[in-house]
Enquirer: 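Below are the structure tokens for one structure; questions will follow.
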Amino acid sequence: MSTPLRLGIAGLGTVGVGVVRIVQRHAALLETRTGRRVTISAVSARTRDKDRGVRLGDYAWEDDPVALAVRDDVDVFVELMGGSDGPAKAATEAAIRAGKHVVTANKAMLAIHGQELAEAAENKGVSLRFEAAVAGGIPVIKALTEGLAGNEISRVMGVMNGTCNYILTRMQDAGLDYQTVFAEADALGYLEADPTLDVGGIDAGHKLAILAAIAFGTRVDFSGLHIEGIERITIEDIEQAADMGYRIKLLGVAQKTGRGLEARMTPCLVPDTSPLGQLKGGTNMVVLEGDSVDQIVLRGPGAGEGPTASAVMADVLDIARGNTVSVFGIPADQLAAPEPAAASAPAAFYVRMSLIDKPGVLAKIATVLGDAGVSIDRMRQYGHTDPHAPVLIVTHKTARDALDRAIEAMEGTGVLASHPVAIRIEDV
Ligand code: NDP
Ligand code: HSE
């Protein structure tokens, strides 16, 4: 009879409890699928006597996750505490040193320390797996490292933070402003303990950095990402974008250009009829493009107990089956140094302005844009009761720095009532 695969789980919050539930509920199914029993030897969390709504009495308890990670009766250390450093990193390193496989959902740790952890795991001959770290229940890591392994990947793109997508779609559907919907999301428990991780685009940036490393065979380069959050998006932006046939999404894009790897997580306009434009609520969507497959679209729950635990278990079962794959798809010591593109590829932009309503104002704006080499595709002025005219311009494709030059020059014309907002329109 084959030996069981014994888990040590550090972190019994949303995801950890979900993993315990699957191991308990599907014991027979997991054994049938892998030919091995999957068992839990020990668990760890901060507070021992908390009621977590799940049976834990059969498992040993460790106060210290590092002690849990190196126990003799643990084959796989399952890290579900979170945080890029601290106990999560210390315990992961200890597990690898002790020759244990590691499964984690911790995108922050992988985005910052992925390279050194991958090298350590591969040198030790153990697995380090993280399906749950990107887009929750969507099996996007497996899709890239295995399903699309025969492709040269040209672009990965997606909506990877459910909280931001919830906020943006709720603003759109209910006509509510950002602050109101942010407060709603907070009350619903959607926001990370530090909400900047969500609305500042950092959490989604961590995920994009991981995907880009796998897609393009480069070391994880979170610091090379261009990140903007959704905090400055107003209900006016959402309504005026809709009026022009677009939706606003916090969209991650990583693509090869002739000038290096362009990777950005920023609010973008996408056509309202596109799959990304139609994406509602907390759902995630990842689009992968390869030379042979063309384009595939993966859509599903990006967070929550069940979906995230489902992804953790997929990694556990791969280890039980003996399936191995390099941490980032190719051996960590062969990952190339990232070459971030100095500037993003040209795109059309949406520019929202509030102008002082007097003769010759639009002519000044058009002149400034023309002088910077930015061509206007569409322009619309909305009715207004106050002295400031809301004006919306959609440009033809232009370099972002040309548009930034134009916006800087607009400031000197004396016709702006407030700083213009420029949002990229993405080809999807
Ligand atoms: P929670 O905050 O719900 O749970 C964290 C758990 O870790 C708690 O049980 C906590 O203990 C425990 N913990 C924290 N610090 C320590 C420590 N020093 N020693 C021992 N235990 C500790 O987090 P989630 O379950 O939501 O997230 C876990 C991981 O999964 C994170 O990396 C997160 O980014 C990732 N993730 C989460 C998703 C989600 O939908 N929630 C989706 C995708 C990824 P205690 O309960 O006693 O306080
Ligand atoms: N805060 C994240 C989100 C959780 O909203 O998508 C899942 O990583």
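Just follow the structure's listing: the first ligand is 1, and inside any ligand the first atom is 1.
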Enquirer: Looking only at distances, please establish whether an N/O atom of ligand 1 is found under 3.5 Å from an N/O atom of Gly13.
Expert: yes
Enquirer: So, does Ala10 sit close enough to ligand 1 that a heavy atom of it is under 4.0 Å from the ligand?
Expert: no
Enquirer: Which residue and non-hydrogen atom of the protein lie closest to atom 18 (N) of ligand 1, and at what distance in Å?
Expert: Pro87 CG, 3.2 Å
Enquirer: Return the OG1 to CD1 distance between Thr169 and Ile248, rounded to the nearest 0.5 Å.
Expert: 12.0 Å
Enquirer: Could you tell me, atom by atom, which parts of ligand 1 come under 4.0 Å of a heavy atom of Ala132?
Expert: 43 (C), 44 (C)
Enquirer: Could you list which atoms of ligand 2 come closer than 4.0 Å to a heavy atom of Asp203?
Expert: 2 (C), 8 (O)
Enquirer: For atom 8 (O) of ligand 2, what's the nearest protein heavy atom and its distance?
Expert: Lys107 NZ, 2.6 Å
Enquirer: Might you confirm whether atom CD of Glu239 has over 12 heavy atoms from other residues, nucleotides or ligands at distances under 6.0 Å?
Expert: yes
Enquirer: Are any of the N/O atoms in Gly162 less than 3.5 Å from those in ligand 2?
Expert: yes
Enquirer: Between Glu184 and Arg170, does any NZ, NE, NH1 or NH2 come within less than 4.0 Å of an OD or OE carboxylate oxygen?
Expert: yes
Enquirer: Can you see which heavy atom on Tyr382 is nearest to which on Asp243, and at what distance?
Expert: OH-OD2, 2.7 Å
Enquirer: Give me the residue, atom name and distance of the protein heavy atom closest to atom 10 (C) of ligand 1.
Expert: Arg46 NH2, 3.9 Å
Enquirer: Between Ser274 and Asp272, is there a side-chain donor-acceptor contact under 3.5 Å, judged purely by atom types and distance?
Expert: no
Enquirer: Look at the side chain of Asp291 and the backbone N and O of Glu152, then say whether any donor-acceptor pair between them is shorter than 3.5 Å.
Expert: yes
Enquirer: Looking at Met410, is its backbone amide N or carbonyl O close enough to the side chain of Glu408 to form a donor-acceptor pair, meaning the two atoms are under 3.5 Å apart?
Expert: no
Enquirer: Among protein heavy atoms, which sits nearest to atom 3 (O) of ligand 1, and what does the distance come to when rounded to 0.1 Å?
Expert: Thr14 N, 3.0 Å
Enquirer: Taking heavy atoms and a distance under 4.0 Å, where does Pro65 meet ligand 1: side chain, backbone, both or neither?
Expert: side chain
Enquirer: Counting heavy atoms not belonging to Arg232, are there more than 12 under 6.0 Å from its CZ?
Expert: no
Enquirer: Salt-bridge test for Arg33 and Glu31: reply yes if a basic N is under 4.0 Å from a carboxylate O, no otherwise.
Expert: no
Enquirer: Closer than 4.0 Å to some heavy atom of Gly302 - which atoms of ligand 2 meet that?
Expert: 7 (C)
Enquirer: Any Lys/Arg nitrogen of Lys280 or Asp173 sitting under 4.0 Å from an Asp/Glu carboxylate oxygen of the other?
Expert: yes
Enquirer: I'd like to know if Gly136 contacts ligand 2, where contact means a heavy-atom distance under 4.0 Å to any ligand atom.
Expert: no
Enquirer: Using a 4.0 Å cut-off to any heavy atom of Glu192, which atoms of ligand 2 qualify?
Expert: 1 (N), 2 (C), 4 (C)
Enquirer: Indicate yes or no for a side-chain donor-acceptor contact from Asp64 to the backbone of Val66 under 3.5 Å, with no hydrogens or angles considered.
Expert: yes
Enquirer: Less than 3.5 Å between some nitrogen or oxygen of Ala133 and one of ligand 1, yes or no?
Expert: no
Enquirer: So, Lys397 and Asp427, do they make that salt bridge, N to O below 4.0 Å?
Expert: yes
Enquirer: Could you find the nearest protein heavy atom to atom 5 (O) of ligand 2 and give me its residue, atom name and distance?
Expert: Thr163 OG1, 2.6 Å
Enquirer: Under 3.5 Å between any N/O of Tyr190 and any N/O of ligand 2: does that happen in this structure?
Expert: no
Enquirer: Is the closest N or O pair between Ala303 and ligand 1 shorter than 3.5 Å?
Expert: no
Enquirer: If I apply the N/O under 3.5 Å rule, does Arg52 come out as touching ligand 1?
Expert: yes
Enquirer: Do ligand 2 and Asn284 have nitrogen or oxygen atoms that lie under 3.5 Å from each other?
Expert: no
Enquirer: Take a 6.0 Å sphere around CZ of Arg299 and say whether it holds more than 12 heavy atoms from other residues, nucleotides or ligands.
Expert: no
Enquirer: Answer yes or no: does an N/O atom from Ser44 fall short of 3.5 Å to an N/O atom of ligand 1?
Expert: no
Enquirer: Going by the order shown, which atoms of ligand 2 are within less than 4.0 Å of some heavy atom of Asn161?
Expert: 1 (N), 2 (C), 3 (C), 5 (O), 6 (O)
Enquirer: Around atom 42 (C) of ligand 1, find the nearest protein heavy atom and jot down its residue, atom name and distance.
Expert: Thr308 OG1, 3.3 Å
Enquirer: Can you pull out the closest protein heavy atom to atom 9 (O) of ligand 1? Residue, atom name and distance to 0.1 Å, please.
Expert: Leu12 N, 2.9 Å
Enquirer: Which residue and atom name correspond to the protein heavy atom nearest atom 36 (N) of ligand 1, and how close is it?
Expert: Lys107 NZ, 3.7 Å
Enquirer: Out of Gly304, Ala105, Ala193, Ala311, who is nearest to atom 30 (O) of ligand 1 when you count heavy atoms only?
Expert: Ala105
Enquirer: Do Val287 and Val156 have side chains that approach each other closer than 4.5 Å (heavy atoms only, starting at C-beta)?
Expert: no
Enquirer: Any salt bridge linking Asp203 with Lys107? Criterion: basic side-chain nitrogen under 4.0 Å from a carboxylate oxygen.
Expert: yes
Enquirer: My question is simple, although I want it checked carefully: is atom 23 (O) of ligand 1 less than 4.0 angstrom from any protein heavy atom?
Expert: no
Enquirer: Heavy atoms only, cut-off 4.0 Å: how does Asp198 contact ligand 2, side chain, backbone, both, or neither?
Expert: side chain
Enquirer: What atoms in ligand 1 come closer than 4.0 Å to a heavy atom of Leu80?
Expert: 5 (C), 6 (C), 7 (O), 28 (C)
Enquirer: Which protein heavy atom lies closest to atom 32 (O) of ligand 1, and at what distance to 0.1 Å?
Expert: Gly82 CA, 3.2 Å
Enquirer: Which distance, rounded to the nearest 0.5 Å, do you find between the CE of Met160 and the NE2 of His206?
Expert: 13.0 Å
Enquirer: Which atoms of ligand 2 are found less than 4.0 Å from any heavy atom of Ala303?
Expert: 4 (C), 7 (C)
Enquirer: List every atom of ligand 1 that sits less than 4.0 Å from any heavy atom of Lys50, numbering the atoms from 1 in the order shown and giving each element.
Expert: 45 (P), 46 (O), 47 (O), 48 (O)
Enquirer: Any salt bridge linking Glu116 with Lys89? Criterion: basic side-chain nitrogen under 4.0 Å from a carboxylate oxygen.
Expert: yes
Enquirer: What protein heavy atom lies closest to atom 41 (N) of ligand 1? Include the residue and the distance to one decimal.
Expert: Val15 CG2, 3.8 Å
Enquirer: Any Lys/Arg nitrogen of Asp318 or Arg129 sitting under 4.0 Å from an Asp/Glu carboxylate oxygen of the other?
Expert: yes
Enquirer: Touching ligand 1 at all, Gly136? Heavy atoms, strictly under 4.0 Å?
Expert: no
Enquirer: Is Glu262 paired with Arg264 through a side-chain N to carboxylate O contact shorter than 4.0 Å?
Expert: yes
